[in-house]
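All values below come from the heavy atoms of this structure, side chains included, with hydrogens, waters and symmetry mates left out.
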2 protein chains.
Amino acid sequence: MELTTAEENYLKAIYHLSEEGKKSVSTNDIAASIQTKPASVSDMLRKLGEKEVIQYRKYYGLQITPLGMRLALQTIRKHRLWEVFLVDKLHFAWDEVHEVAEQLEHIQSTLLIERLDAYLNYPKFDPHGDPIPDAFGDVRSRPRIALQEMGIDQSGQIVAVKDSSPAFLRYLDKVGAYIGARIKVLDKVEFDGSVEILVDQKKTLFMSKDVANNILVLTS
Amino acid sequence: MELTTAEENYLKAIYHLSEEGKKSVSTNDIAASIQTKPASVSDMLRKLGEKEVIQYRKYYGLQITPLGMRLALQTIRKHRLWEVFLVDKLHFAWDEVHEVAEQLEHIQSTLLIERLDAYLNYPKFDPHGDPIPDAFGDVRSRPRIALQEMGIDQSGQIVAVKDSSPAFLRYLDKVGAYIGARIKVLDKVEFDGSVEILVDQKKTLFMSKDVANNILVLTS
DNA sequence: CTTATTTTTTAGAACTATCTAATTTAATTT
DNA sequence: AAATTAAATTAGATAGTTCTAAAAAATAAG
C-alpha cells in the first residue's frame, strides 16, 4: 500500500494528535496542525478512509486502523532517523532539522532506511528526545513528566522536549538546558508557576511555567 | 526561482540531451528519456519557457538559458553527491543508487547540500565517474574517450561509464572492470568491433563493441 | 512541388491537492 | 425543545501533471 506525500503528512498529524491524549481527533485540530483548511481535511479523511488507514464516519470522528498506525510509525521512524543523521553527521543544530526532515521522511526506499539506521548505530531517540520506532513500528517510550509537574527537591534528567520550534530550542541552547542534563528542582513559585532548577550541579536557572511545561524529565 | 520536482526532472533531461552533442533536443527525445508522452513534453516546454529556464519556439526547438543551465547543474550536483553518500557511507552498490538519488536530488535545502558536500570531503566524481558540479555549477570534466575508440597497445584508466543501468553495472562488477582500473588494449577484432584488454596488468578480458562503447577511459 | 510521413502541438479529460463559499449536521444555550 | 452556535462536509474552482485523440506544422519522398 502506497501513500502520497500529502496522505503521509495527514496520517502523521492524526497519529500525533491521537497520542496527545485527546479523546478524539477533530477535523479542525488536524487542519490547525498541518496548516490547511478544514475543507481540505474532510476531503482527505474520506480518502484515508477508503484506503483503510483510518476508520472514518462523517461528522462522528475517526480512529487510526492498525494498518494506519504501522504506516504512520514508519514515516515517524524515517523522520527521526533523518534528524539524527542531520545532527550527528552533518552537524545541524537541533533547531534546524525539522524542515529538512519533513522532506526526507517521504523518500521511498526500505533499503535506504535500513542502511541509515545501521549507519547511525540504531539510535533509540532523536535529537529532541523522541523515541525512534524500530522497523516493526515498536516504540520504546520512557516514562517521563513535564518539568513543571516535578516537586521541590526532586531530581531527574532532561530526556525530551514537547515543543520543537526553533525559537524554543535556541532558548534551551542558550541557557544550557540540553537533553541529557541532570537537574534538580530548587524552588517553585506558586504565583506564576515558574521554577528554579539546578543544572548539572553547577548552574541555577529560572524558567517560566511555559518553558517548564515543554521540558520532559525522567525522574530518578 | 523555484522549480517543481517535475520541472527539475524535465530540465535535467534537457540538459543531459544537450550535452550528448545533439545539435538540438527534440520533443520526442525528451519524452523517450523521461518515459512520458510527447504531449506532456510540449506542455512542460511551454511552462519552462515562461519560467525562462529555456528559450522555446513552438515547432522550432529549444535552448537552455544560462539560468536553466545553472538550475540543471544544481540538481545534477545534488543527485551525484547523494550517490556518493549512498555508496561511500551507506554501502550501496553502484547499480542501486540511481532510483534513490532521483528522489533525494529534489530535497530543497542549500545548507543540507553544503554540509553533505563537506561531509563527503568535496568529491569531484560520482560512483559512475561523472563529474560533480561545484556550488557555482562549474564542472571539471576530464578528457576521456570510449574504450572502443582506443587503439591496440594504448593504455589508460577507466574513469566513467556512459550507461548506468543496473544490468550493465553488475556486468562490470562481475568482470572486474571497475572505475579506476588501469587497462591496456591488447587486440581489437575488426569483424564485430569487440576488444581484448588487460586489466590491472593481471587479467585479460574480452568485451563486445557495445560494452566497450559504454566505458570511458582517460588515456595515458 | 504536391503528397505522404513524421513531429509537434492543442483540445479535452482524469487525477491530486487545495481553496472559498454554501450547506448540513452536531452540540450548546436558553 | 427550539434556537443559536460551532463543527464538519459538500459544491464548485483553480492549479499542476499526465494522458488520448485530433489537429497543425515541418520534413521527407515521389
Side-chain angles (χ1 to χ4, degrees), chain A residues 1-14 17-18 20 22-64 68 71-72 75 102-103 105-108, chain B residues 1-14 17-18 20 22-64 68 71-72 75 102-103 105-108:
Chain A
M1 237 272 293
E2 301 268 292
L3 299 181
T4 66
T5 292
E7 287 166 349
E8 279 184 354
N9 284 335
Y10 274 94
L11 192 57
K12 193 160 56 94
I14 291 167
L17 290 169
S18 305
E20 273 172 24
K22 306 231 170 174
K23 49 235 105 188
S24 77
V25 178
S26 77
T27 301
N28 278 342
D29 287 346
I30 298 169
S33 91
I34 59 177
Q35 292 169 155
T36 184
K37 296 285 136 66
S40 308
V41 177
S42 282
D43 262 7
M44 188 54 93
L45 293 182
R46 189 183 42 69
K47 256 205 299 189
L48 293 178
E50 279 165 15
K51 292 208 171 187
E52 300 188 331
V53 295
I54 62 171
Q55 218 184 342
Y56 175 54
R57 274 184 57 211
K58 297 198 301 192
Y59 294 107
Y60 273 88
L62 62 92
Q63 209 179 353
I64 306 197
L71 294 174
T75 305
E102 281 293 300
Q103 297 180 61
E105 72 185 8
H106 300 294
I107 305 289
Q108 311 262 232
Chain B
M1 237 270 294
E2 302 267 293
L3 299 181
T4 66
T5 293
E7 288 166 348
E8 279 184 354
N9 284 334
Y10 274 95
L11 192 58
K12 194 160 55 97
I14 291 167
L17 290 169
S18 306
E20 274 173 24
K22 307 229 173 177
K23 49 235 106 187
S24 77
V25 178
S26 78
T27 302
N28 278 343
D29 286 348
I30 298 168
S33 92
I34 59 177
Q35 289 168 157
T36 184
K37 295 287 136 67
S40 308
V41 176
S42 282
D43 261 8
M44 188 54 93
L45 293 182
R46 189 185 40 70
K47 256 206 299 189
L48 293 178
E50 280 166 13
K51 292 206 170 187
E52 299 187 332
V53 296
I54 62 172
Q55 217 183 343
Y56 174 54
R57 275 184 57 212
K58 296 199 299 194
Y59 293 107
Y60 273 89
L62 62 91
Q63 210 181 352
I64 306 197
L71 294 175
T75 305
E102 281 293 300
Q103 296 180 64
E105 72 186 10
H106 300 294
I107 304 290
Q108 311 262 250

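Nearest nucleotide to the A:Thr4 side chain, out of C:dT16, D:dA8, C:dT18: C:dT16.
Within residues 36-45 of chain B, the residues approaching DNA chain D are B:Thr36, B:Lys37, B:Ala39, B:Ser40, B:Asp43, by heavy-atom distance under 4.0 Å.
One atom, CG of A:Asp29, and another, P of D:dA6, lie 16 Å apart when rounded to the nearest Å. For the pair A:Glu50 CD and C:dC15 C1', the computed distance is 13 Å after rounding to whole Å. A:Leu48 has its CG atom 16 Å from the C1' atom of D:dT9, to the nearest Å. For the pair A:Tyr60 OH and D:dT9 C1', the interatomic distance rounds to 14 Å; values are reported in whole Å. Rounded to a whole Å, the CD1 atom of A:Ile30 is 11 Å from the C1' atom of D:dA8. Going from atom CG of A:Asn28 over to atom P of D:dT5 covers 18 Å, rounded to whole Å. Residue A:Arg57 contributes atom CZ, which lies 12 Å from atom P of D:dT9 at whole-angstrom precision. In this structure, A:Lys58 places its NZ atom 10 Å from P of C:dA26, rounding to the nearest Å.
Applying the 4.0 Å criterion to OP1 and OP2 of C:dT9, one finds that B:Tyr56 has a side-chain N or O inside that range. Dashed line: the shortest gap from a side-chain N or O of B:Tyr10 to OP1 or OP2 of D:dG16 is not under 4.0 Å.
Screening residues 51-64 of chain A for side-chain hydrogen bond (donor to acceptor under 3.5 Å, both in side chains) gives A:Glu7-A:Lys51 as the qualifying pairs, with residues at least two apart or on separate chains. Applying the salt bridge (Lys or Arg N to Asp or Glu O under 4.0 Å) definition to pairs two or more places apart or across chains, those involving residues 35-46 of chain B are B:Arg46-B:Glu50.
Atom CG of B:Leu62 and atom CD1 of B:Ile54 lie 5.0 Å apart (nearest 0.5 Å).
By the side chain to side chain contact (heavy atoms under 4.5 Å, CB included) test, A:Gln103 is found to be paired with B:Ile107, B:Gln108, residues two or more places apart in sequence or in another chain being considered. Applying the side-chain hydrogen bond (donor to acceptor under 3.5 Å, both in side chains) rule to B:Glu8 yields the partners B:His106; only residues at least two apart in sequence or on another chain are considered. Every residue meeting the side-chain hydrogen bond (donor to acceptor under 3.5 Å, both in side chains) condition with B:Lys12, not counting sequence neighbours, appears here in chain and number order: B:Glu102, B:Glu105.
Although no hydrogens or angles enter the test, the distance criterion places a donor-acceptor pair under 3.5 Å between the side chain of B:Ser18 and the main chain of B:Ile14.
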